[in-house]
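Only a predicted model underlies this, so the values are computations on that prediction, with no experimental measurement involved. Sequence positions, counted from 1, serve as the residue numbers for this chain.
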Amino acid sequence: MNMNMLINMFTKLIARRAMNWGINKGVDTLSRKGNAQNAGGKRQRPNQQTKDIAKRMKTLGRMTRR
């Protein structure tokens with residue numbers, strides 16, 4: 001292995017982790033957005049539809065990175 005291959009491998013690893021972190025953070029933020037509007041100020045558990053949407057978005061993110 002030469003130095004160029006090692007640098008490319010390391011760069012891809014960091015980029016992949018950053019992309020995963022950003023997508024997961026965005027999906028989590030979107031899924032919590034509608035649930036913080038109750039009177040007590042406590043967050044409610046996400047409903048089933050929101051969970052399904054988050055699951056689909058994560059799957060879509062994985063598919064687009066391939």
Side-chain angles (χ1 to χ4, degrees):
M1 285 186 131
N2 59 14
M3 198 62 170
N4 191 26
M5 290 175 81
L6 289 174
I7 292 172
N8 283 339
M9 284 174 44
F10 182 72
T11 305
K12 285 181 183 181
L13 179 92
I14 298 298
R16 188 181 312 122
R17 287 188 185 212
M19 177 90 66
N20 285 336
W21 179 82
I23 289 172
N24 289 337
K25 194 76 157 169
V27 168
D28 290 342
T29 302
L30 286 175
S31 67
R32 279 187 293 216
K33 188 175 182 181
N35 294 327
Q37 297 176 353
N38 57 351
K42 298 178 186 174
R43 282 192 254 204
Q44 297 175 348
R45 296 173 68 111
N47 59 13
Q48 188 62 37
Q49 183 180 8
T50 307
K51 287 182 183 179
D52 290 341
I53 291 172
K55 191 177 195 181
R56 287 183 194 153
M57 291 299 289
K58 285 181 183 179
T59 305
L60 179 65
R62 282 194 302 263
M63 289 173 59
T64 57
R65 288 190 299 267
R66 291 183 184 171

Could you tabulate the donor-acceptor pairs under 3.5 Å formed by side-chain atoms of residues 1-17, not counting sequence neighbours?
from: Asn2; atom 1: OD1; to: Met5; atom 2: N; distance (Å): 3.0
from: Asn8; atom 1: ND2; to: Asn4; atom 2: O; distance (Å): 3.4
from: Thr11; atom 1: OG1; to: Ile7; atom 2: O; distance (Å): 2.7

Met57 side, atom CE; Asp28 side, atom CG - distance, nearest 0.5 Å: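 If I round to the nearest 0.5 Å, the distance is 11.5 Å.
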Residues passing the side-chain hydrogen bond (donor to acceptor under 3.5 Å, both in side chains) test with Asn24, sequence neighbours excluded, are none
